[in-house]
**Student:** 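The structure under discussion is supplied below as structure tokens; questions concerning it will follow.
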Amino acid sequence: MFLSEQEIIRRQAREELMKLGIEPYPSALFEVNTTTEEIKRDFDEAKGNFKDVVIAGRIMSRRIMGSASFAEIQDASGRLQVYLRRDDICPGEDKSLYNTVFKKLLDIGDFIGVKGYVFKTQTGEISLYVTSLTVLTKSLKPLPIVKEAVDERGEKKTYDAFTDPEQRYRQRYVDLIVNPQVKDTFIKRTQLTNSMRQYLNNKGYLEVETPILQPLYGGAAARPFKTYHNTLDMTLYLRIANELYLKRLIVGGFDGVYEFSKDFRNEGMSRFHNPEFTQIELYVAYKDYKWMMELVEEMLEKVALDLHGTTKVQVGENVIDFKRPWKRFTMFEAIEHFTGIDISQMDEVQLRGTAEQLEIPVDDTMGKGKLIDEIFGEKCEPNLIQPTFITDYPVEMSPLAKRHRDKPELVERFEAICNGKEICNAFSELNDPIDQRKRFEEQLELGKRGDDEAMVLDEDFLRALEYGMPPTAGLGIGIDRLSMIMTNSSSIQDVLFFPQMKPEKKVVYASNQDYVDAGVREELIPVLHKLGVLTIEELRQREPNKLFNDVCGMRKKLKLKEVKNPTLDEVSSWVEGQPAE
RNA sequence: GACUUGGUAGCUCAGCUGGUAGAGCAACGCCCUUUUAAGGCGUGGGUCCUGGGUUCGAGCCCCAGCCAAGUCACCA
């Protein structure tokens, strides 16, 4: 293991604390009686409240001035300045709790608990006057130090912000510690799902759970992750959607079911795509897609109000207003609106021609539905900023949706588009088992044409439909995408605690035992580290005479006076792998 | 998957036509009892992402890789 100077110093501090009889990782509970947020909100100098306060948290900054110090403590709710005076926390002769423990052995990042009373400093900052201090956890890795200052114009300025996305995502815990606004984003995300859950529960719908491991994947057009069950000796897939299972439950007699589900799609990653993502799907019996549009409007308006207290949400440059009613377009109207071309009567050949004319890349695997979808996705979707319903999709691209009651070429489907992206997808569910079988078979044809996202035929699902599924409206909302909009985040990674990343490259360093096994005296290991010998292979490749010289030189440079130099024979034995006699 | 940009101290970043690596914060030592990006004086700290190449000499130039971000493609 390779440690920076600061990490070594912190490890030494941990040892020192133990020697002083202070457990750096105590097991007893430490009971707090308030939070930093409460103190800052409710402290009133005139009332003289908060006289007997206990809080705990991380030390986030320290300003030591001889026998008195200021520090900031960060708990789950925020930060509070604390003031410590040597003679107050060390009333007796022994001043080591302040002089040694606080000043020397504690660092930024350590958890402490403090008792005291709240007061205002001369500069007017609400602070805690500490009368006793308890070490709760010693931190061994230094945190990035982010500082804030307010200039004369009252503008907040952040210094040395921890901004590198790679580090922020890989070490989200650090991100959460030093970037308080990150916490807010995730709190909002949970509020969002809570708000939806509350809305749906109030309507009497049942939250359910359905399988993630599925023998057949279905319900969407996507490539799956494949896995394997040993005992069953069979391939299983991680679900790409939960539609088909939820509809089975409608067959089974539930009137309304919904599930917040992690789905998995084996596709590329981008700022809008993570291999695992969250959707809510909702199915309600005896309803249709028009009814479902009303529900979506109402539910998302409520979400915006619950999160922001208003229907207006700032997203990048735009202010998006979720106030009902939303604009509605049929897909053909939308395309005509944005391109001036009426494609409603076109066949596949004409559509391909139109797509080419609009400079949209096409290929032979694309059927009629796909072509229309491409035109829409290219020319319309990005222009739809305010929440807009797009209705009545071509039948080819919606194999699970019911045929339109008036236009047989279309299905009863809508998507809500917002900020140029789809945020939900819904339809009157297809419940004619014969038609459903035909649609699956058409999908198989597309599959043969080379569309590797075409759906597979699910016999059990068809069997369920044959028992009869009532007319049903179904809905799916991408929770991550919606969270991005509701928290003004520009990438999906910002609304996922732990976005998928390539694994960190790991260099396997030799352990101390490996060196000892190779015949190296333990006290010489740091010298080898310093010389860049980090693995036994590396050691074996060194030239013994040069290594001997280097080790002796480095020992001197590191001022390891008490460490004896190795002999040349000793060094040779390391390199050759023979223990010295 | 393609293109563009980036990877230098614990963190944020400099680093000139190629000449043996710098600042601020953090750390360490000393001073300091209401400070607040606290301050003052001093000290240490680097596999310049990795591996090759060019060169007397590479953080810098060339090639190949790894990782990330942004744009595009597929999708939600």
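In what follows, chains carry the letters A, B, and so on, assigned in the order in which the sequence lines appear, proteins first and then strands, with residues in each chain numbered from 1.
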**Student:** Please determine whether a side-chain nitrogen of the Lys or Arg among A:R79 and A:E148 lies less than 4.0 Å from a carboxylate oxygen of the Asp or Glu.
**Tutor:** no
**Student:** Taking the P atom of each, how far is B:C48 from B:G29, in whole Å?
**Tutor:** 28 Å
**Student:** Determine the interplanar angle of the A:F264 and A:F225 rings, folded into 0 to 90°, and report it as parallel if under 30°, tilted if 30 to 60°, perpendicular if over 60°.
**Tutor:**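 Answer is perpendicular, since the angle exceeds 60°.
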**Student:** Where the side chain of A:I9 is defined as all heavy atoms beyond and including C-beta, which of B:A69, B:U34, B:C28 is the nearest nucleotide?
**Tutor:** B:C28
**Student:** Take atom P in B:C49 and the same atom in B:C13, then report the distance between them in whole Å.
**Tutor:**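 Approximately 15 Å lies between the P atom of B:C49 and that of B:C13.
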**Student:** If the sugar-phosphate is the primed atoms plus P, OP1 and OP2 and the base is the rest, what is the B/S/- string for nucleotides 2-9 of chain B, using protein heavy atoms under 4.0 Å?
**Tutor:** --------
**Student:** State whether A:E7 and A:K141 are salt-bridged, where the test is any N-O pair (Lys NZ or Arg NE/NH1/NH2 against Asp/Glu carboxylate O) under 4.0 Å.
**Tutor:** yes
**Student:** At 4.0 Å (heavy atoms only), tell me whether A:E374 reaches a base, stays on the sugar-phosphate, or touches nothing.
**Tutor:** sugar-phosphate
**Student:** Would you kindly give the CD-to-P distance between A:E7 and B:C11, to the nearest whole Å?
**Tutor:** 10 Å
**Student:** Quick test of your reading: applying ring pair (Phe, Tyr, Trp, His ring centres under 6.0 Å), list the pairs with at least one residue in residues 160-180 of chain A, sequence neighbours left out, ordered by first then second residue.
**Tutor:**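 Counting only pairs at least two positions apart or across chains, no ring pair (Phe, Tyr, Trp, His ring centres under 6.0 Å) contact touches residues 160-180 of chain A.
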**Student:** For nucleotides 21-26 of chain B, print each protein N/O atom paired with a nucleotide N/O atom at under 3.5 Å, atom names and distance only.
**Tutor:**
residue, atom, partner, partner atom, Å
B:G24, N2, A:D160, OD1, 3.2
B:G24, N2, A:D160, OD2, 3.2
B:C25, O3', A:K147, NZ, 3.2
B:A26, OP1, A:K147, NZ, 3.4
B:A26, N3, A:Q6, NE2, 2.9

**Student:** Let me know, please, whether A:G66 or A:E125 comes out on the 5' side of the other along RNA chain B by nearest nucleotide.
**Tutor:** A:G66
**Student:** Base, sugar-phosphate, or nothing for A:I64, non-hydrogen atoms under 4.0 angstrom?
**Tutor:** base
**Student:** Round to a whole Å and report the spacing from CD1 of A:I8 to P of B:G45.
**Tutor:** 12 Å
**Student:** Within this structure, what is the CD-to-P distance between A:Q81 and B:A38, rounded to whole angstrom?
**Tutor:**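 The answer, rounded to whole Å, is 10 Å.
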**Student:** CD of A:E72 versus P of B:U35: gap in Å, rounded?
**Tutor:** 15 Å
**Student:** Going by an N to O cut-off under 4.0 Å, is there a salt bridge joining A:D494 and A:R271?
**Tutor:**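 No.
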**Student:** Could you please name the option among B:A68, B:A38, B:U34 that lies closest to any side-chain atom of A:R170?
**Tutor:**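 Minimum distance to the A:R170 side chain belongs to B:A68.
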**Student:** With respect to the side chain of A:M501, which nucleotide from B:A73, B:A69, B:C11 is positioned closest?
**Tutor:** B:A69
**Student:** Take atom CD1 of A:I177 and atom P of B:G10, then tell me their distance rounded to the nearest Å.
**Tutor:**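 Between P of B:G10 and CD1 of A:I177: 18 Å.
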**Student:** Is any side-chain N or O of A:R63 closer than 4.0 Å to OP1 or OP2 of B:U35?
**Tutor:** no
**Student:** If you look at every strand shown and take non-hydrogen atoms under 4.0 Å, does A:R86 touch a base, only sugar-phosphate, or nothing?
**Tutor:** nothing
**Student:** Distance between the C1' atoms of B:G51 and B:G39, in whole angstroms?
**Tutor:** 47 Å
**Student:** Would you mind telling me which of B:U34, B:C28, B:G29 lies closest to the side-chain atoms of A:D107?
**Tutor:** B:C28
**Student:** Given the C1' atoms of B:A21 and B:A14, what is the spacing between them in whole Å?
**Tutor:** 11 Å
**Student:** On a whole-Å scale, what distance lies between the P atoms belonging to B:G46 and B:G10?
**Tutor:** 8 Å
**Student:** Would you mind telling me which residue lines up with the more 5' stretch of RNA chain B, A:F70 or A:M269, judged by nearest nucleotide?
**Tutor:**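 Closer to the 5' end of RNA chain B: A:F70.
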**Student:** To the nearest Å, how far apart are A:M65 CE and B:G39 C1'?
**Tutor:** 10 Å
**Student:** Measure the distance from CZ on A:F162 to P on B:A68 and round it to the nearest whole Å.
**Tutor:**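 Interatomic distance, CZ of A:F162 to P of B:A68: 15 Å.
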**Student:** Taking the P atom of each, how far is B:A58 from B:G18, in whole Å?
**Tutor:** 13 Å
**Student:** Taking CD from A:E148 and P from B:U12, how many angstroms apart are they, rounded to a whole number?
**Tutor:**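 Interatomic distance, CD of A:E148 to P of B:U12: 16 Å.
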**Student:** Measuring only the P atom in each nucleotide, how far is B:G1 from B:A23? A whole number of Å is fine.
**Tutor:** 42 Å
**Student:** Please check if the side chain of A:R172 supplies one atom and the backbone of A:F497 the other of a donor-acceptor pair under 3.5 Å.
**Tutor:**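 Side chain of A:R172 to backbone of A:F497, a donor-acceptor pair under 3.5 Å: yes, one is there.
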